[in-house]
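Here's the structure we're looking at; comments come further down.
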Amino acid sequence: MKKNIAVIEGDGIGPEVTRQSIRVLNTLAETYGHEFEFTYCLMGADAIDKTGNPLPDETIEVCLNSDAILFGAIGHPKYDNDPTAKVRPEQGLLKLRKSLQLFANLRPVTTYPALHYLSPLKPKAIDGVDFVIFRELTGGIYFGKKETSPEGNWAIDECTYSQEEIERIAHLAFQTAQRRKKKLTLVDKANVLETSRLWRKFVQAMASQYSDVQVDYLFVDNAAMQIILNPKQFDVILTENMFGDIISDEASVITGSLGLLPSASIGKGSALFEPIHGSYPQAAGKDIANPLGSILSTALLLEHLNLNTEAMLVREAVNWSLQNGFVTKDIDPVNFYFTSTIGELICDYVSGKIPGSIKQENIELRKSTII
Ligand code: IPM
Ligand code: MG
């Protein structure tokens, strides 16, 4: 199979984790006889430094013509504490989402028994947690009218949603629930917001088309509590842009490591795959970042291309590395492996060079030099 993949390495640790995913894709291409052609493009602080623009037109063009997009991370501290900055890295990502109409952001939250001890929640609360958040990504307050008064003493961010925007993502969420545990929870603030009442109205109306799916409604404040109190109750969570941004970060800590969580942003044409961990500038260039979030995003990318066997193999390799303690510093600050070593081990597993039964002691030499 021949596929064109646009690669945006982005900022901070983006380049080094994305590089491990490219290695995994190249290994799979060799093993299964595929051809992946990678086209690199710029976005974020990296793009501002090189071109003055957080999203050059060329990047949009390359992404529109690709079968999938692999993205690393965005953001740089030099912009975070400067509210007056006219150009910001995040503008690039928001514009890309809008230009490619990536209206649905999927964030699966799965726990790994080997990492239970890292979770802030008790093991009995997290064992078997497996849900996915469908966050609307191209509407709401993120993209509403914005204004600051000439005197600078008031500002507006408008929140708008339309029937079409709600229904297209709700269909995807319902269909996913049908393939999973058949439960959908709409998270909103319908006791206060008009837009939330619109979401409820259309989701309620659609429920009869998906009669095998049980639909629940939760106010976002209660949902924030429930995600921590009893995360096992969820299967598919559907929500608008801003609430989804907040609760997906909250949900990500359940697993014990932010570094492991993948995401997919699906649109009408192309789709983009990125780890949810952000640019983590303090770790950039040190070869210590966790590449598994990017590698698991690559598994989602492979599924999107209908390469399901390959996707399963990548997931198996990740499970194998976690179970055997082949982990980066965020997971084990003492006995850790480097970003590039984890990438190499995943490639060796995927290509069959490492039998699943091999144990940590046989790979000791590739460990960090600190010990
Ligand atoms: C995310 C991020 C982005 C968002 C930022 C970087 C603009 O937090 O993907 O969740 O708010 O959507
Ligand atoms: Mg976020």
Side-chain angles (χ1 to χ4, degrees), residues 12-13 17 20 73 105-135 176 180-181 183 185 187 216 218 220-239 243-264 273-280 282-283 288-300 314-339 342 345-346 360 368:
I13 56 169
V17 296
Q20 307 315 314
N105 182 228
L106 278 61
R107 298 192 173 181
V109 180
T110 331
T111 56
Y112 295 87
L115 302 182
H116 276 7
Y117 73 99
L118 287 173
S119 172
L121 303 190
K122 298 198 178 77
K124 74 173 189 331
I126 51 173
D127 196 22
V129 167
D130 177 19
F131 63 92
V132 49
I133 299 175
F134 274 69
R135 166 190 175 193
T176 304
R180 295 173 45 103
K181 292 177 270 175
K183 192 175 163 192
T185 307
V187 170
D216 285 341
L218 272 187
V220 63
D221 45 353
N222 187 14
M225 210 161 62
Q226 295 299 329
I227 284 172
I228 295 302
L229 283 177
N230 179 16
K232 266 187 258 191
Q233 68 184 289
F234 297 111
D235 178 20
V236 174
I237 292 180
L238 170 63
T239 191
F243 297 156
D245 179 47
I246 298 166
I247 63 167
S248 59
D249 267 23
E250 184 196 11
S252 71
V253 302
I254 296 174
T255 62
S257 171
L258 188 62
L260 277 180
L261 292 185
S263 81
F273 301 84
E274 64 173 304
I276 82 157
H277 52 54
S279 62
Y280 190 16
Q282 305 86 326
I288 56 169
N290 191 341
L292 295 180
S294 177
I295 291 173
L296 287 168
S297 302
T298 303
L300 292 174
V314 171
R315 290 213 178 90
E316 198 185 299
V318 169
N319 279 329
W320 165 82
S321 78
L322 292 175
Q323 271 158 19
N324 287 286
F326 303 129
V327 293
T328 38
K329 201 174 174 186
D330 51 315
I331 293 182
D332 190 340
V334 178
N335 233 347
F336 65 91
Y337 292 76
F338 290 114
T339 312
I342 297 292
L345 289 170
I346 299 285
Q360 192 171 350
S368 84

Could you state the interatomic distance from CZ (Arg135) to CZ (Phe243), rounded to the nearest 0.5 Å?
12.0 Å
Residues Leu322, Leu292; criterion side chain to side chain contact (heavy atoms under 4.5 Å, CB included); working and verdict:
CA-CA 10 Å; Leu322 292 175; Leu292 295 180; 3.8 Å; yes
Rounding to 0.5 Å, atoms CD (Gln20) and CG (Leu345) come to a distance of 10.5 Å
Over all heavy atoms of both residues, which pair between Val327 and Ser321 is shortest? Give the atoms and the distance, please.
CG1-O, 4.4 Å
Provide the closest heavy-atom pair for Tyr112 versus Leu296 in the form atom of the first, atom of the second, distance.
OH-CD1, 3.5 Å
So Thr239 and Ile247, do their side chains get closer than 4.5 Å, heavy atoms only?
yes
Under 3.5 Å donor-acceptor, Ser263 side chain and Glu274 backbone
yes
For Thr111 and Thr255, work out which heavy atoms get closest and say how close.
CG2-CA, 4.1 Å
Would you name the heavy atoms of Ala251 and Val109 that are closest together and state the gap between them?
O-CG1, 3.7 Å
Looking only at heavy atoms, the pair that brings Gly256 and Leu118 closest together is O-CB, 3.6 Å
Are the side chain of Ser119 and the backbone N or O of Leu115 linked by a donor-acceptor pair below 3.5 Å?
no
Note, Ser248 side chain near Ile276 side chain (heavy atom, < 4.5 Å)
no
Any Phe134 side-chain heavy atom under 4.5 Å of Leu106 side chain:
yes
Less than 3.5 Å apart, any donor N or O on the side chain of Gln323 or Asn319 sitting next to an acceptor on the other?
no
Rounded to the nearest 0.5 Å, the CG atom of Asp245 sits from the CG atom of Asn105 at a distance of 9.0 Å
Side chain proximity check, Ile13 to Gln282, heavy atoms < 4.5 angstrom:
no
When rounded to the nearest 0.5 angstrom, what is the spacing between OG in Ser257 and CG in Asp330?
4.5 Å
CZ-CD1 distance between Phe131 and Ile227, expressed to the nearest 0.5 angstrom:
5.5 Å
Within the 4.5 Å heavy-atom criterion, are Asp249 and Arg107 side-chain neighbours or not?
yes
Minimum-distance pair of heavy atoms, taken over all atoms of Gly293 and Pro275:
C-CB, 3.6 Å
Whether the side chain of Asn324 engages the backbone of Trp320 through a donor-acceptor N/O pair (distance < 3.5 Å, no angle test) should be reported.
yes
Short question: side chain of Lys181, backbone of Gln233 - any donor-acceptor pair under 3.5 Å?
no
For the atom pair CG (Asn290) and OG1 (Thr339), what is the distance rounded to the nearest 0.5 Å?
8.0 Å
Min side-chain heavy-atom separation Leu261-His277 under 4.5 Å:
no
